[in-house]
Amino acid sequence: DRGAGVTYTLPASGALGDTIIIVGKLGITTIAQNANQQILFSSASSTVGVGGSAVGTNVGDCVTLICITAGASTVWRAKSFIGNWTIS
């Protein structure tokens with residue numbers, strides 16, 4: 001991640017238990033969603049679909065996401081995260 005940062009787009013669908021680990025390095029880390037997807041961080045939830053995202057706003061923000069709802073309407077739960085994440 002350099003400068004303005006890097007955007008990671010979630011897979012088009014996930015299988016139950018699939019795990020994604022994103023380790024930020026420098027800059028801002030953005031996790032973009034596909035249609036009908038959602039990311040859950042503690043009690044916060046992103047907007048469903050391509051309008052939703054999670055953004056690590058500090059250098060080095062990290063997250064482990066696990067698929068808790070499989071298929072085209074995949075839901076990803078943050079199992080653990082470090083840093084300051086903005087969920088929209």
Side-chain angles (χ1 to χ4, degrees):
D1 304 349
R2 289 202 176 283
V6 173
T7 297
Y8 300 92
T9 302
L10 294 171
S13 66
L16 194 61
D18 280 356
T19 302
I20 297 171
I21 300 172
I22 295 174
V23 179
K25 185 177 177 185
L26 300 171
I28 296 171
T29 300
T30 301
I31 303 171
Q33 302 171 176
N34 292 294
N36 300 315
Q37 292 186 335
Q38 188 173 39
I39 304 170
L40 308 175
F41 270 72
S42 300
S43 61
S45 57
S46 66
T47 300
V48 175
V50 295
S53 66
V55 178
T57 58
N58 292 325
V59 172
D61 287 354
C62 304
V63 63
T64 300
L65 298 172
I66 298 177
C67 175
I68 61 169
T69 303
S73 297
T74 307
V75 177
W76 298 89
R77 164 75 67 188
K79 175 183 176 243
S80 61
F81 57 93
I82 296 172
N84 183 30
W85 289 85
T86 300
I87 312 306
S88 61

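The CG atom of L40 sits 12.0 Å away from atom CD1 of I66, with the distance rounded to the nearest 0.5 Å. Rounded to the nearest 0.5 angstrom, D61 CG and I28 CD1 are separated by 9.5 Å. Here the CH2-OG1 distance, from W76 to T19, works out to 7.5 Å after rounding to the nearest 0.5 Å. Interatomic distance, CG of N34 versus OG of S73, reported as 11.0 Å (0.5 Å rounding). Atom CD1 of I21 and atom NZ of K79 lie 8.0 Å apart (nearest 0.5 Å). One finds the CG atom of L10 at 5.0 Å from the CD1 atom of I39 (value rounded to the nearest 0.5 Å).
Using modelled atom types and a 3.5 Å distance limit, the side chains of N84 and T57 yield a donor-acceptor pair. Under the 3.5 Å distance criterion, with hydrogens and angles disregarded, a donor-acceptor pair is assigned to the side chains of S88 and S53.
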Requested in this report: Determine, step by step, whether V63 and F41 satisfy the side chain to side chain contact (heavy atoms under 4.5 Å, CB included) criterion, reporting the C-alpha distance in whole Å, the side-chain angles of both residues, the deciding distance to 0.1 Å, and the verdict.
Outcome: CA-CA 10 Å; V63 63; F41 270 72; 3.6 Å; yes
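Closest of all the heavy-atom pairs between I31 and W85 is CD1-CZ3, 3.9 Å. The heavy-atom pair separating C62 from G24 by the smallest distance is SG-N, 3.9 Å. In terms of heavy-atom proximity, I87 sits nearest to A44 at CG1-CB, 4.1 Å.
For the pair Q38 (side chain) and G52 (backbone), a donor-acceptor distance under 3.5 Å is absent. No donor-acceptor distance shorter than 3.5 angstrom exists from the side chain of S13 to the backbone of P11, with no hydrogens or angles considered. The closest donor-acceptor contact from the side chain of N36 to the backbone of T74 lies at 3.5 Å or more, if one exists at all. Although no hydrogens or angles enter the test, the distance criterion places no donor-acceptor pair under 3.5 Å between the side chain of Q37 and the main chain of A32.
Both V6 and F81 belong to a common hydrophobic cluster when Ile, Leu, Val, Met, Phe, Trp and Tyr are linked at side-chain heavy-atom distances under 4.5 angstrom. Linking Ile, Leu, Val, Met, Phe, Trp and Tyr residues whenever their side-chain heavy atoms come within less than 4.5 Å leaves I68 and I20 in two separate clusters.
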